Every structure is written in structure tokens, then in C-alpha cells.
Amino acid sequence: TCAPLVARAAGEAGAGWVVTAATAFGKDLLPRAAALLGAGVATDVIACSEAGGAVLLRRPMWAGNVLADVEIVTPVKAVSIRATEFPAAARAGAGAVSALAWEPPAGIRTRFVELEAAASERPELTEARAVVAGGRGTKGDFGALAALADELGAAIGASRAAVDAGWAPNDWQVGQTGKTVAPDLYVAAGISGAIQHVAGMKGARVIVAINKDPEAPIFQVADYGLVADLFRAVPELAEQVRGARSG
């Protein structure tokens, strides 16, 4: 429904770039609009630079194990960006906004019915400054993690293993097939560190890993690692945070 409108707006404006955030909606919209515009596409862009007059767009491949610098050579360029990878603009400013008359395209076979959103007092996972995430090692008990998250004002995340087991809702999932986060602090408790999960959180500024297995791959990307039982370590960590806040 939206792609023809985006393509029309870009055409009428003579736009050279069409940019969306790399959200579920943006990932759905961008390739459709790009196809209508005959535009080349770069998705999940995490950085951009200029070389020889060309704009190079950096994007992860192979679950983040490879970073590719790509150039779009079509006249119209379509890009989705990981918003968490870019700092807030140093100078705020309002862009020009213009109205566009629109009629729904013919032949639409879907319609919006309703949105059922889970209400939560915690920050949105992709926007939180701190995330406490649990995996298979939690055995389904996220109570200690929730207590630590409360002390930190953090969102709660989960690995795919925890979600697939029914221990955590889908919107908690962090990873290649879940959400991509880049908080100031990411606490991974009972998460082994599969590359699919790491791809969604290795942009965090500080990564703390808690796992009983000293050979767990998560320690390879962690800034701080604690080889310990999470059911003892996480409550102790929450207590230390509580004491530091009150002191």
C-alpha cells in the first residue's frame, strides 16, 4: 500500500535517495519502493563515507562476520539504516514537510485491522540505554534478570533459544532473526553466544557476559566476563547496583 506512494513522492521530488530505518516495516517497504523506482538497494547500513567522489555504504554480511563497503550506482539509491549505529544529530533542525495528495492503489489485497501492542513500563528494546538478556541458561526463569533490569532501568532481551522454548515473547528476541540493539550496556546471562545472537548485539558499547561455561563463545565479544552461575551472580550484581545508587 505504501510503496507506490513512496515511489511517487520520490519521483515528484526528484529525490536521489530514499532512506528508511532498518525496522521490520522499513525492510518490508524499501525493496518494493526500490523496485518501482529502478533503484539499487543497500540494507542495514551501519556507516557511510566518501571516497573519490563516491558514497560508500558499510553493511554487515554473514551475520556480521564480514563488513562490506558498497556503492549504489543507479541514479536513485534506496538505503535502510540501523538507527542504533548512528549517534544523535549534534544540531537539531526541522526538515521541510510538504503534503502529498494520495489515493489507495487499485488491487490492494490487504487492509489494516488492528494493532495489539503489549504495554510495558520498560523502555523499548531497540531504544534502551541498557539491556539485560537471558538465554538457555536461564531455564525459563527470568526473575533475577527482571530484578537487575529494574535497578538499571533496562529493557529485557532474550536469545532465540529462550524464545523458541516459550520462555520469552518474540519481541524480546535479539539477534539476526530478531532485533538489533546497540545500548550503552548489554548484559548477556546464560547466553552461549551463537553468531546469530551476536550479530544483533555486538554494537553495544559495553558487553557483560555471565556464563558457567568458560569456553562459551560469548566471552570472545564481551568486555567483561564472569564465569559463574547466573542465579547467584545476577542477584548479587543487582544488589551491588542498588547499593551504588543509594550510596
Side-chain angles (χ1 to χ4, degrees), residues 2-100 124-129 131 174-186 193-207 217-218 220-223:
C2 297
L5 176 61
V6 171
R8 178 185 155 201
E12 292 184 3
W17 294 80
V18 176
V19 183
T20 72
T23 59
F25 181 78
K27 291 176 181 179
D28 186 40
L29 170 65
L30 187 71
R32 298 172 184 270
L36 294 172
L37 290 164
V41 179
T43 58
D44 280 327
V45 170
I46 60 174
C48 58
S49 60
E50 188 172 356
V55 176
L56 300 181
L57 305 166
R58 177 161 293 183
R59 59 181 305 273
M61 300 171 61
W62 299 103
N65 289 310
V66 175
L67 296 177
D69 288 330
V70 301
E71 177 189 1
I72 303 175
V73 297
T74 52
V76 181
K77 302 164 176 56
V79 177
S80 68
I81 66 167
R82 288 189 182 179
T84 53
E85 296 289 341
F86 292 85
R91 182 177 59 189
V97 178
S98 57
L100 180 70
E124 168 61 33
L125 183 59
T126 56
E127 299 175 2
R129 296 185 62 183
V131 173
V174 174
Q176 188 176 18
T177 55
K179 295 180 179 179
T180 300
V181 300
D184 293 335
L185 172 65
Y186 189 90
I195 59 172
Q196 291 84 357
H197 181 78
V198 171
M201 46 66 76
K202 67 179 182 180
R205 279 61 172 177
V206 177
I207 300 172
I218 192 68
Q220 297 176 15
V221 297
D223 297 287

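All values reported here derive from a predicted model rather than from experimental measurement.
- Note: Leu100 CG to Arg8 CZ = 4.5 Å, rounded to the nearest 0.5 Å.
- Around the CZ atom of Phe86, the shell of radius 6.0 Å holds more than 12 heavy atoms that belong to other residues, nucleotides or ligands.
- Salt-bridge check for Arg129 with Asp184: passed, with a basic side-chain N closer than 4.0 Å to an acidic carboxylate O.
- Judged purely by atom type and a 3.5 angstrom limit, Ser80 has no side-chain atom pairing as donor or acceptor with the backbone of Lys27.
- For Asp28, the salt bridge (Lys or Arg N to Asp or Glu O under 4.0 Å) partners are Arg32, not counting sequence neighbours.
- We find the OG1-CG distance between Thr43 and Leu57 to be 10.5 Å, quoted to the nearest 0.5 Å.
- The shortest distance between side-chain heavy atoms of Ile46 and Pro60 falls below 4.5 Å.
- Nearest heavy atom pair, residue Val76 against residue Ala39, reads O-CB, 3.1 Å.
- When all heavy atoms are compared, the tightest approach of Val41 to Ala34 is CG2-CB, 3.4 Å.
- Distance check: Leu185 CG to Arg205 CZ gives 11.5 Å after rounding to the nearest 0.5 Å.
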Checklist entry - Can you check side chain to side chain contact (heavy atoms under 4.5 Å, CB included) on Arg59 and Val70, steps first, answer last? => result CA-CA 8 Å; Arg59 59 181 305 273; Val70 301; 4.3 Å; yes

Item to check | Verdict with reasoning, Val79 to Ile72, per side chain to side chain contact (heavy atoms under 4.5 Å, CB included) | outcome: CA-CA 9 Å; Val79 177; Ile72 303 175; 3.9 Å; yes

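- Under the rule for a side-chain contact (heavy atoms from CB on, under 4.5 Å), Gln220 has no partner lying at least two apart in sequence or in another chain.
- Here the shortest heavy-atom pairing between Arg82 and Ala22 reads N-CB, 4.2 Å.
- The distance from the CG atom of Leu30 to the OG1 atom of Thr23 is 10.0 Å, given to the nearest 0.5 Å.
- A distance of 6.5 Å separates CD in Glu71 from CG in Leu56, rounded to the nearest 0.5 Å.
- Looking only at side-chain heavy atoms (C-beta outward), Val221 and Tyr186 stay at 4.5 Å or farther from each other.
- From Ile207, atom CD1 reaches atom CD1 of Ile218 across 6.5 Å, with rounding to the nearest 0.5 Å.
- Atom CH2 of Trp62 is surrounded by 12 or fewer heavy atoms from other residues, nucleotides or ligands within 6.0 Å.
- Shortest non-hydrogen contact noted between Ala10 and Leu37 is CB-CD1, 4.0 Å.
- For Thr126 (side chain) and Val181 (main-chain N/O), no donor-acceptor pair under 3.5 Å exists by modelled atom type.
- Considering all non-hydrogen atoms of both residues, Pro217 and Gly193 come closest at CB-O, 3.6 Å.
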